[in-house]
Amino acid sequence: MTWVLATILLPLVGAAVVAGMKKNDRLATLTALVVSLLTFLLVIPMWASYAPSGDRIQQKSSMDWIPNFGIHISFGIDGIALVMIAVIGLLVPIVVGALGLTDKLPAGRSAGGFLSLILVQEALTIAVFAATDVFLFYVLFEIMLIPMYFLIGGYGGANRQYAAVKFFLYSFLGGLIMLASAIGAYSLASDELGKGSFDWETLVTVVRDAPLGTQIWLFLGFFLAFAIKAPLVPFHTWLPDAAGQAPIGVAVLLVGVLDKVGTFGFLRYCLPMFPEASKELAPWVLVLAVAGVLYGSILAAGQRDMKRFIAYVSIAHFGFIALGIFTFNEQAMVGSVSYMLNHSLATGMLIVVVGLIVMRGGSTRISDYGGMAKVTPLLGGMLLIAGLSTLSLPGTNSFISEFLVLLGSFVDYPVYTIIATVGMVLAAAYVLWLYQRVMQGPVRGDALIGAGGGPGTAMAPELGATKAIKDLGGREIAILAPMVVLIIALGFYPKPVLDTITPSVQATMSSVQGGK
């Protein structure tokens, strides 16, 4: 058994165990935490045994599934999949450990049910990144929607059913269109080889030589599914609703991990399998990418809800990632892949901190807060760190990613790069605006000013009315500490990540430029 298979199977087994603990929330939480930590520990030998200079796909495993149609249950990783699996392994224990600190389960709902869905989501997401059979990838792409649908629809906010259905239908429709393109690629392999195949490496060598018109139609099927998942404008409308209604822990996985399946799909499927179509349609994709940067940044300014604010800032970031991918520049593409990792860390921490704020203040509305840093200085510091990472301040993890995207994309697309830079500056300004509104100024909000005050009311802290809430405790600090360490460490020393992903990016570039 490979390390990849172990990281998929362990959460599934853990989910089955935790699901049976409906009457003991404490035991269910402890069991889920142990399982998620063990899964993260499995990532360490997986990373250690991965050779960046070795084969493109490593740690392979395969077994027949539907042999008459050339379908296999096949897994393997490249450097891009590896870093995404690592960030999943990190975020899930944080989500499990934060249960009760950032979210309260609805009445009558057990922690066992919630956490079992979280573990199933972890296993399916890892499997999506590791799948090397295109049909298997499609199946996992669709199945992974199910636990997220129930997590949003069963544990979310007041409009959770609407948000869950919208999320599911958007992604499910995109997956069906992708299936049509996958069947088309299978047919090409059948015509070329005498037998059909869904093996990714086989399809890369066969489909890339198809006529441009055929490539474009097949490319569009995959691209639409990934553009919805990413999400790129104008396919983005499900994300603010889903992120706004999802519980905090679920929003961490939704915005921090699941969305990356879209940008991962661009790199793993669209570019290597349809290189000529990718180059032909790249100018149109770049228009969508830059539009997303501007649109997300501007819409973020008008948000009154903190969770929706983060969703729109993330839409801007995803546009920036797509810009780096479709400029077909190695530096920009390396920047985009590292941005996928660093966005997960920065946004994951930002969402967790917002959850800690909401649990104290009882509201997600930005206008219901003010002056929290006077009452909770540690919490204010954590929000500042997460915000600075989100806006890519030098010395934080996101800076090198943003710098590489700008450096690489400016070579061939200076106008797009300049426009995207303006959008990112706006997003940075809005992140600081969020921090200023929530943490600075006079103390505002019921929970902060004590009984008798309403939202928007200010009261001097020296009057003794600011004792209603407490600053971060030991458990909360322990949850946030790993992300803080990585944000700072990768800000000053990103080499391990860049060394891991660069060969995979070079292999993708080689496929686009005519190599195998």
Side-chain angles (χ1 to χ4, degrees), residues 4 55-78 80-81 127-144 172-227 229 261-262 264-282 285 325-326 328 504-516:
V4 176
D55 295 339
R56 184 170 185 176
I57 302 296
Q58 301 179 30
Q59 300 190 33
K60 299 178 184 179
S61 62
S62 181
M63 61 178 292
D64 288 341
W65 185 15
I66 313 176
N68 290 341
F69 292 96
I71 300 174
H72 301 81
I73 298 177
S74 301
F75 296 106
I77 56 170
D78 62 1
I80 302 171
V128 163
F129 286 114
T132 56
D133 182 279
V134 176
F135 186 80
L136 174 65
F137 174 83
Y138 159 74
V139 171
L140 293 168
F141 185 89
E142 299 285 44
I143 291 179
M144 69 185 293
F172 184 72
L173 176 61
L176 289 177
I177 297 172
M178 178 176 66
L179 175 61
S181 286
I183 293 173
Y186 175 90
S187 298
L188 287 176
S190 181
D191 293 340
E192 182 72 20
L193 304 175
K195 62 177 182 179
S197 176
F198 282 104
D199 177 69
W200 176 79
E201 291 180 298
T202 300
L203 290 180
V204 167
T205 61
V206 172
V207 180
R208 60 172 295 104
D209 296 325
L212 177 60
T214 303
Q215 277 199 35
I216 287 176
W217 282 109
L218 297 180
F219 169 90
L220 289 174
F222 280 88
F223 175 81
L224 181 60
F226 299 141
K229 183 69 74 178
V261 174
F264 174 81
F266 293 152
L267 292 159
R268 172 63 70 85
Y269 296 95
C270 289
L271 271 60
M273 289 175 60
F274 317 108
E276 298 305 317
S278 298
K279 289 184 283 188
E280 183 74 14
L281 298 177
V285 179
I325 293 172
F326 281 92
F328 302 108
S504 297
V505 168
Q506 290 172 340
T508 301
M509 290 291 297
S510 176
S511 295
V512 174
Q513 293 166 359
K516 292 185 178 181

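Note that this is a predicted model, so its numbers are computed, not measured.
When all heavy atoms of Gln215 and Asp209 are compared, the pair lying nearest together is NE2-N, 4.3 Å. Listed here is the closest heavy atom pair of Phe137 and Val261: CZ-CG1, 4.4 Å. Shown here for Val207 and Ala185, the closest heavy-atom pair between the two residues is CG2-CB, 3.8 Å. Summarising the geometry of Leu218 relative to Gly184, their closest heavy-atom pair is CD2-CA, 3.9 Å, with the distance given to 0.1 Å. Taking each heavy atom of Ala81 and Phe129 in turn, the nearest pair found is CB-O, 3.4 Å. The two atoms that bring Ile77 and Ala130 nearest to each other are CG2-CB, 4.3 Å, heavy atoms only.
Without hydrogens or angle criteria, Asp133 side chain to His72 main chain gives a donor-acceptor distance under 3.5 Å. Formation of a donor-acceptor pair under 3.5 Å by the Arg208 side chain with backbone atoms of Pro275 is not found in this model. Side chain of Thr202 to backbone of Phe198: no donor-acceptor contact under 3.5 angstrom is found. A donor-acceptor contact shorter than 3.5 Å links the side chain of Lys279 to the backbone of Val512.
Under the 4.5 Å side-chain criterion, counting only non-hydrogen atoms from C-beta, Met178 is not in contact with Tyr269. Put simply, the side chain of Ser278 does not reach to within 4.5 Å of the side chain of Met273, judged on heavy atoms. With a 4.5 Å cut-off on side-chain heavy atoms, Leu136 and Phe75 count as touching. For the pair Lys60 and Thr132, the minimum side-chain heavy-atom distance is 4.5 Å or more. Leu281 has its side chain out of reach of Phe274: every pair of non-hydrogen atoms, C-beta onward, lies at least 4.5 Å apart. At least one side-chain heavy atom of Phe226 sits less than 4.5 Å from a side-chain heavy atom of Phe141. Here the side chains of Pro272 and Trp200 are in contact, with some heavy-atom distance below 4.5 Å. The closest side-chain heavy-atom distance from Phe326 to Leu271 is below 4.5 Å.
Between atom OG of residue Ser181 and atom CG of residue Leu224 there is a gap of 9.0 Å, rounded to the nearest 0.5 Å. Here the OG-CD distance, from Ser197 to Glu192, works out to 12.5 Å after rounding to the nearest 0.5 Å. Once rounded to the nearest 0.5 Å, the distance linking CD1 of Ile216 with CG of Leu220 reads 7.5 Å. Note that the CD1 atom of Ile71 and the OH atom of Tyr138 stand 11.5 Å from one another [nearest 0.5 Å]. The distance from atom CG of Leu267 to atom CD1 of Ile325, rounded to the nearest 0.5 Å, is 4.0 Å. Here the straight-line distance linking atom CZ of Phe69 with atom NZ of Lys195 works out to 14.5 Å at 0.5 Å rounding.
In this model, no donor atom of one side chain and acceptor atom of the other lie less than 3.5 Å apart for Ser510 and Arg56.
A parallel orientation is assigned to the rings of Phe223 and Phe219, their planes being inclined by less than 30° (bins at 30° and 60°). In this pair, Trp65 and Phe135 present their aromatic rings tilted. The plane angle is within the 30 to 60° band.
Each of Gln59, Gln58, Arg268 was checked for a side chain to side chain donor-acceptor pair (under 3.5 Å) with Asp78, and the lone residue meeting it is Arg268.
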